[in-house]
Amino acid sequence: MSSLEISSSCFNREMKLPLSPPLVEDSAFEPSRKDIEEVEEKSKDVINFTAEKLSVDEVSQLVISPLCGAVSLFVGTTRNNFEGKKVISLEYEAYLPMAKNEVKKICSDIRQKWPVKHIAVFHRLGLVPVSEASIIIAVSSAHRAASLEAVSYAIDTLKAKVPIWKKEIYEESSSWKENKECFWVSNN
């Protein structure tokens with residue numbers, strides 16, 4: 001049996017499910033402490049710069065909330081080519097105090113613009129081989145539009161304002177790259 005097939009052999013054809021839950025006389029709905037805690041769940045921003053391999057699953061789990069119906073992700077990976085040259089890996093460096101501060105500002109800006117719950121921004125430093133993630137941005141919100149727009153804003157703004165430098169390492173040479181989006185880059 002292929003994994004896409006659905007087997008009906010596990011269902012009892014004579015079993016009937018109720019259309020609505022049974023009513024209990026003289027009971028009033030009282031929210032549990034857990035329900036109240038979920039409503040009061042504090043928003044969080046998780047920012048991490050690391051030399052460790054990034055995990056999409058781990059970062060996305062950080063922003064999941066029972067209050068949200070959407071988790072949007074951006075995953076930037078190392079591609080194997082640039083302008084006809086074979087790329088072996090990328091190498092990232094950052095001025096961490098300023099980089100962390102700028103990412104905090106981006107999170108704050110996002111919260112001013114969209115109703116989001118949690119934000120996670122993880123950026124890899126050091127060598128990042130082809131096909132591995134160099135950045136993962138995850139945002140949760142009640143509805144998809146807010147988190148999708150917030151993720152797009154986050155990556156565009158990060159590339160424009162955060163002091164992170166990228167070196168492309170080719171088979172026989174290497175080259176430091178500037179982000180065209182950076183405000184400090186002169187556009188001659």
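All figures in this text were calculated on a predicted structure; none of them were measured in a lab.
- Between the OG atom in S108 and the NZ atom in K113 there is a gap of 10.5 Å [rounded to 0.5 Å].
- Cluster membership check: V116 does not share its hydrophobic cluster with L73, using side-chain heavy-atom separations under 4.5 Å among Ile, Leu, Val, Met, Phe, Trp and Tyr.
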Check your understanding: Do K166 and E93 pass the side-chain contact (heavy atoms from CB on, under 4.5 Å) test, and can you show the C-alpha distance, the side-chain angles, and the key distance before you say yes or no?
Key -> CA-CA 7 Å; K166 175 174 73 173; E93 291 183 9; over 6 Å; no
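- Applying the salt bridge (Lys or Arg N to Asp or Glu O under 4.0 Å) rule to E172 yields no partners; only residues at least two apart in sequence or on another chain are considered.
- For V75, the side-chain contact (heavy atoms from CB on, under 4.5 Å) partners at least two apart in sequence or on another chain are V56, T77, A133, I136.
- Closest approach of A99 and A94 over heavy atoms only: CB-CB, 4.4 Å.
- By the side chain to side chain donor-acceptor pair (under 3.5 Å) test, R79 pairs with no residue at all, sequence neighbours left out.
- Counting only residues at least two apart or in different chains, ring pair (Phe, Tyr, Trp, His ring centres under 6.0 Å) contacts with residues 138-160 comprise W114-Y153.
- What you find for N81 and V87 is that their closest heavy atoms are C-CG2, 3.6 Å.
- For S140, the side chain to side chain donor-acceptor pair (under 3.5 Å) criterion is met by no residue, not counting sequence neighbours.
- Hydrophobic cluster membership is shared by L90 and V162, with clusters built from Ile, Leu, Val, Met, Phe, Trp and Tyr side chains linked at under 4.5 angstrom.
- With hydrophobic clusters built from ILVMFWY side chains whose heavy atoms lie under 4.5 angstrom apart, V151 shares a cluster with I135.
- With sequence neighbours left out, the side-chain contact (heavy atoms from CB on, under 4.5 Å) criterion links S43 to R111, K117.
- Partners of R144 according to the side-chain contact (heavy atoms from CB on, under 4.5 Å) rule, which considers only residues two or more places apart in sequence or in another chain, are A70, L148.
- Not counting sequence neighbours, the partners of K105 by the side chain to side chain donor-acceptor pair (under 3.5 Å) test are E102.
- There is no path of hydrophobic side-chain contacts, each under 4.5 Å, that joins V63 to I137.
- Looking only at side-chain heavy atoms (C-beta outward), I169 and E91 come within less than 4.5 Å of each other.
- Side-chain contact between I110 and I119 is present, with heavy atoms from C-beta onward closer than 4.5 Å.
- Considering all non-hydrogen atoms of both residues, A146 and P115 come closest at CB-CD, 3.9 Å.
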Practice item. Would you please test N80 and K86 for side-chain contact (heavy atoms from CB on, under 4.5 Å) and show each step? Key: CA-CA 6 Å; N80 68 0; K86 183 176 179 183; 5.6 Å; no
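- Applying the ring-ring contact (aromatic ring centres under 6.0 Å, His included) criterion to Y92, with sequence neighbours excluded, gives H123.
- Considering only residues two or more places apart in sequence or on other chains, V46 meets the side-chain contact (heavy atoms from CB on, under 4.5 Å) condition with K44, L62, A120, F122.
- You'll find the side chain of F74 stays beyond 4.5 Å of the side chain of V139, heavy atoms only.
- Side-chain contact between I88 and V130: absent, with no pair of heavy atoms (C-beta onward) separated by less than 4.5 Å.
- In the hydrophobic cluster analysis, where Ile, Leu, Val, Met, Phe, Trp and Tyr join through side-chain heavy atoms closer than 4.5 angstrom, I106 is grouped together with I47.
- Taking every heavy atom of both residues into account, L127 and S89 meet most closely at CD2-OG, 3.8 Å.
- For the side chain to side chain donor-acceptor pair (under 3.5 Å) test, residues two or more places apart in sequence or in another chain that qualify with E132 are R124.
- Between E168 and S174 the shortest side-chain heavy-atom distance does not fall below 4.5 Å.
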Point to revise | Evaluation steps, side-chain contact (heavy atoms from CB on, under 4.5 Å), between N48 and V59 | key: CA-CA 10 Å; N48 191 20; V59 176; over 6 Å; no
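- The side chain to side chain donor-acceptor pair (under 3.5 Å) contacts involving residues 50-64 comprise nothing, where partners must be two or more places apart or lie in separate chains.
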